[in-house]
A.B. asks: 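Let me give you the structure first, and then I'll get to my questions.
Quick note: residue numbers are just sequence positions, from 1. Just so you know, these numbers use all the heavy atoms, side chains as well, and skip hydrogens, waters and symmetry mates.
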Amino acid sequence: RPLGELNSSGTVCGTLQLPQGAEQSLLLMADGAPTGGYPQLAHVIAADWPAAGQLAPGSRLRFVEVELPAALQALRKQEQGLRQINETLQRWIRGE
């Protein structure tokens with residue numbers, strides 16, 4: 001391993017990495033490698049993955065630190081909204 005390179009470690013969807021010598025960081029999404037040796041700067045909470053997946057290359061981001069309870073609450077709220085959309089579509093399909 002070259003001097004200054006980190007050990008390879010697991011990554012998850014939403015990991016923000018900074019490759020050595022790079023001018024920009026990388027936001028790993030569903031197609032990201034399962035491991036990597038670059039510094040992991042931050043993680044996008046799961047509730048924000050849909051919005052992050054729509055970012056254009058080179059987009060600028062501003063991260064806000066959140067605690068785990070707030071991240072879980074945001075995910076629950078998102079899931080509730082998706083359930084409501086699904087229920088509305090199912091009623092429309094049934095002609096109700």
A.B. asks: Are side-chain heavy atoms of E87 and L89 found at a separation under 4.5 Å?
C.D. replies: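 A side-chain contact is absent here, since even the closest heavy-atom pair is not under 4.5 Å.
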
A.B. asks: Under a single-linkage definition using a 4.5 Å side-chain heavy-atom cutoff for Ile, Leu, Val, Met, Phe, Trp and Tyr, are L18 and L26 assigned to the same hydrophobic cluster?
C.D. replies: no

A.B. asks: Applying salt bridge (charged side-chain N to carboxylate O under 4.0 Å, His left out), name anything that partners E96, two or more places apart in sequence or on another chain.
C.D. replies: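 Here the qualifying residues are R94.
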
A.B. asks: Could you grab the distance from atom CG of D31 to atom SG of C13, nearest 0.5 Å is fine?
C.D. replies: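 Reported value, rounded in 0.5 Å steps: 8.5 Å.
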
A.B. asks: Among all residues two or more places apart in sequence or in another chain, which pass the salt bridge (charged side-chain N to carboxylate O under 4.0 Å, His left out) test with R83?
C.D. replies: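 R83 satisfies salt bridge (charged side-chain N to carboxylate O under 4.0 Å, His left out) with no residue once adjacent residues are dropped.
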
A.B. asks: I'd like to know whether CD of Q73 has more than 12 heavy-atom contacts from other residues, nucleotides or ligands below 6.0 angstrom.
C.D. replies: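 No, not enclosed.
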
A.B. asks: Tell me whether M29 shares a hydrophobic cluster with L16, the cluster being built from Ile, Leu, Val, Met, Phe, Trp, Tyr side chains joined at under 4.5 Å.
C.D. replies: yes

A.B. asks: Working to the nearest 0.5 angstrom, can you tell me the gap between T88 OG1 and I93 CD1?
C.D. replies: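 Here the rounded value is 11.0 Å.
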
A.B. asks: Of the non-hydrogen atoms in T35 and T11, which two are nearest, and what is the gap between them?
C.D. replies: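 Looking at all heavy atoms of both residues, the shortest contact is N-OG1, 3.9 Å.
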
A.B. asks: Quick one: side chains of residues 40-65, donor-acceptor pairs under 3.5 Å with protein atoms, not counting sequence neighbours, listed by atom name and distance.
C.D. replies:
{"unit_1": "Q40", "atom_1": "NE2", "unit_2": "S9", "atom_2": "OG", "d": "3.3"}
{"unit_1": "Q40", "atom_1": "NE2", "unit_2": "G10", "atom_2": "O", "d": "3.0"}
{"unit_1": "H43", "atom_1": "ND1", "unit_2": "T15", "atom_2": "OG1", "d": "3.1"}
{"unit_1": "W49", "atom_1": "NE1", "unit_2": "V44", "atom_2": "O", "d": "2.9"}
{"unit_1": "Q54", "atom_1": "NE2", "unit_2": "P50", "atom_2": "O", "d": "3.4"}
{"unit_1": "S59", "atom_1": "OG", "unit_2": "A56", "atom_2": "N", "d": "3.2"}
{"unit_1": "S59", "atom_1": "OG", "unit_2": "A56", "atom_2": "O", "d": "2.6"}

